[in-house]
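Since the structure comes first, as structure tokens, the remarks are kept for the end.
What's counted below: heavy atoms across the whole structure, side chains too, no hydrogens, waters or symmetry copies. Read the numbers this way: they start at 1 and go in the same order the structure lists the ligands and their atoms.
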Amino acid sequence: MNILILGGGGREHAFAWKLKQSPKTSNLFIAPGNAGTAALGENIALSVTDFDAIKKLVVEKNIQMVVVGPEDPLVAGVYDFFKVDTDLKHVAIIGPSKAAAQLEGSKEFAKEFMAKYRIPTAAYQSFTAQSLEEGKRFLESLQPPYVLKADGLAAGKGVLILEDLETAKTELTAMLQDAKFGQASAKVVIEEFLDGIELSCFVLTDGKNYKILPTAKDYKRIGQGDTGLNTGGMGAISPVPFADDTLMQKIEERIVKPTIEGIQKEGLVYKGFVFIGLIKVGDDPFVIEYNVRMGDPETEVVLPRLASDLLPLLQATDQETLDTATVDIDPRTASTVMSVSGGYPEAYAKGKEITGLEQVKDAIVFHAGTKLEGDKVLTAGGRVIAITAYGEDFEAALQKSFAGTEQFQFEGRYYRSDIGFDL
Ligand code: AMP
Ligand code: GLY
């Protein structure tokens, strides 16, 4: 089978690494890919939201499956684009339809879905510029901290958590009236703050059946001890040590089952990954958000723990036969540590040479923002390299991730040396 992976980050390198191991994979294409994926298949320079370019590539290379990495093409309707095109409709797309992708593309849609299917989540109300004054009054009725969420996609920046009521009102005004996050904040969800510890649960679904994949926990803040600005993710661990059988049972019964049931009852076409962001408050799980794709860097610890061949699982997802598939999980812990460009998540330099990658032993090197120039590997993004390692427990795995990270270098490189500090 010829496969196209859309995207160019660490997540897509991990997908390419896993799919390359399948005896059923023939040619692997990654668009746009990075220096790491270039060693596993053919990189194709295109924008993941340029559907006409994707069509041309799929037809030309006789691609039979497209695995969609990031959310943008999904929310923009890449699934539907394929299914209404006579040249493309036979191609398996791993991802949800445009309607189902609203679970990530609109916070309000997701909150209404959760309310309807009684899935535990923070209490909320949503507001527009017309109802700004009601929004301010709603804030007055809440206890701090205040949680404001832009309804639409805002590249992971659309959530504000504020201690002070006046600041919260000012920010609400900026979002609704002054388009702080552009069109994404034309609507704002204000919700109750949940105090607990976060974890993520990953589910593969064909729209009716589901398989639960390993849990993971990522570290989103740039600074040690979870301080400073939000990033795409600075490291991850799988499994989450506190996600014991009792918690997992609650997550499956209260959250996963009603989510898949809701998808089916709403008639949403969904053949892909559901990433459920959770927070454990006391002993109970609540949903913080849905993402309609895998996480990055979570994929760099989840896929290495999948002992089964991924390709038959994705084929079963496409054919709606996931109930007959089996998922074997490696019992070891996997950890990943992300090296980022100095300055990230704010302005940073690109084009720095990365040296020493060949010295990384006993770990997997996943490239994120990298590119090849001749035989050199250069930085090409904020998040640059993720080093994944296995261990008996998260401490042992992390020791190897950090040792691997110390083997390579680039100017201005930064990483968090405290991944797992809160466990
Ligand atoms: P989101 O983009 O929805 O994942 O939100 C970004 C981050 O904000 C989450 O990873 C949480 O750390 C935090 N967050 C979001 N909603 C809440 C909430 N209701 N209570 C506490 N923290 C939250
Ligand atoms: N690491 C968080 C995400 O992929 O959304």
Gap separating the [atom1] atom of [X] from the [atom2] atom of [Y], nearest 0.5 angstrom:
X	Y	atom1	atom2	result
M248	D245	CE	CG	9.0 Å
D178	K180	CG	NZ	10.0 Å
D52	L46	CG	CG	11.0 Å

Quick one: which ligand 2 atoms are inside 4.0 Å of a heavy atom on [X]?
X	value
F275	3 (C), 4 (O), 5 (O)
G232	1 (N), 2 (C)
G295	4 (O)
E298	1 (N), 2 (C), 4 (O)
D218	1 (N), 2 (C)

Quiz item: Counting both backbone and side chain atoms, is some N or O of E192 under 3.5 Å from an N or O of ligand 1?
Solution: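 N/O-N/O distance under 3.5 Å: yes.
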
Self-check item: ligand 1 N/O within reach of V159 N/O, cut-off under 3.5 Å
Solution: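 It does not: no N or O of V159 is found under 3.5 Å from an N or O of ligand 1.
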
Quiz item: Are any of the side-chain heavy atoms of K217 and S200 separated by less than 4.5 Å?
Solution: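 A side-chain contact is absent here, since even the closest heavy-atom pair is not under 4.5 Å.
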
Self-check item: Heavy-atom check, side chain of I354 versus side chain of F408, under 4.5 Å
Solution: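 Side-chain contact under 4.5 Å: yes.
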
Quick one: nearest non-hydrogen protein atom to [atom], plus distance?
atom	answer
atom 1 (P) of ligand 1	E289 OE1, 3.5 Å
atom 3 (O) of ligand 1	K107 NZ, 3.1 Å
atom 16 (N) of ligand 1	K149 NZ, 3.0 Å
atom 4 (O) of ligand 2	D296 N, 2.9 Å

Side chains of [Y] and [X]: any donor to acceptor distance under 3.5 Å?
X	Y	value
D80	S97	no
S417	Q224	yes
Y146	E163	no
E108	S126	yes
Y270	D206	no

Exercise. Could you tell me whether K220 and ligand 2 have an N or O pair separated by under 3.5 Å?
Key: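 Not met; the criterion fails.
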
Practice problem: Could you see which bit of R293 sits under 4.0 Å from ligand 2, with heavy atoms only: side chain, backbone, both or neither? | Solution: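 For R293, the contact with ligand 2 is made by the side chain alone.
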
Quiz item: Should R11 be listed as contacting ligand 2, given a heavy-atom distance under 4.0 Å as the test?
Solution: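 No heavy atom of R11 comes that close to ligand 2.
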
Quiz prompt | Candidate pair F273 and F202, rule ring-ring contact (aromatic ring centres under 6.0 Å, His included), full reasoning | solution = CA-CA 7 Å; F273 296 93; F202 300 90; 8.5 Å; no

Quiz item: Which of the numbered atoms in ligand 1 are below 4.0 angstrom from a heavy atom of K220?
Solution: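 Matching atoms, with element in brackets: 10 (O).
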
Self-check item: Where ligand 1 meets F193 - atom numbers and elements under 4.0 angstrom, heavy-atom basis
Solution: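 This gives 20 (N), 21 (C), 22 (N) as the contact atoms.
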
Quiz item: Between V189, I288, I161, N291, which one has a non-hydrogen atom sitting closest to atom 8 (O) of ligand 1?
Solution: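 Looking at heavy atoms only, I161 sits closest to atom 8 (O) of ligand 1.
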
Exercise. Using heavy-atom distances, let me know which of R221, E191, E104, E198 sits nearest atom 18 (C) of ligand 1.
Key: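 Result: the heavy atom closest to atom 18 (C) of ligand 1 is in E191.
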
Quiz item: On the ring face of F109, is K111 found with NZ or CZ under 6.0 Å from the centre and within 45° of the axis?
Solution: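 Relative to the ring axis of F109, which defines the angle, K111 lies outside at least one limit.
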
Practice problem: Flag atom 21 (C) of ligand 1 as yes if some protein heavy-atom distance to it falls below 4.0 Å, otherwise no. | Solution: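 Answer yes: something from the protein, a heavy atom, is under 4.0 Å.
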
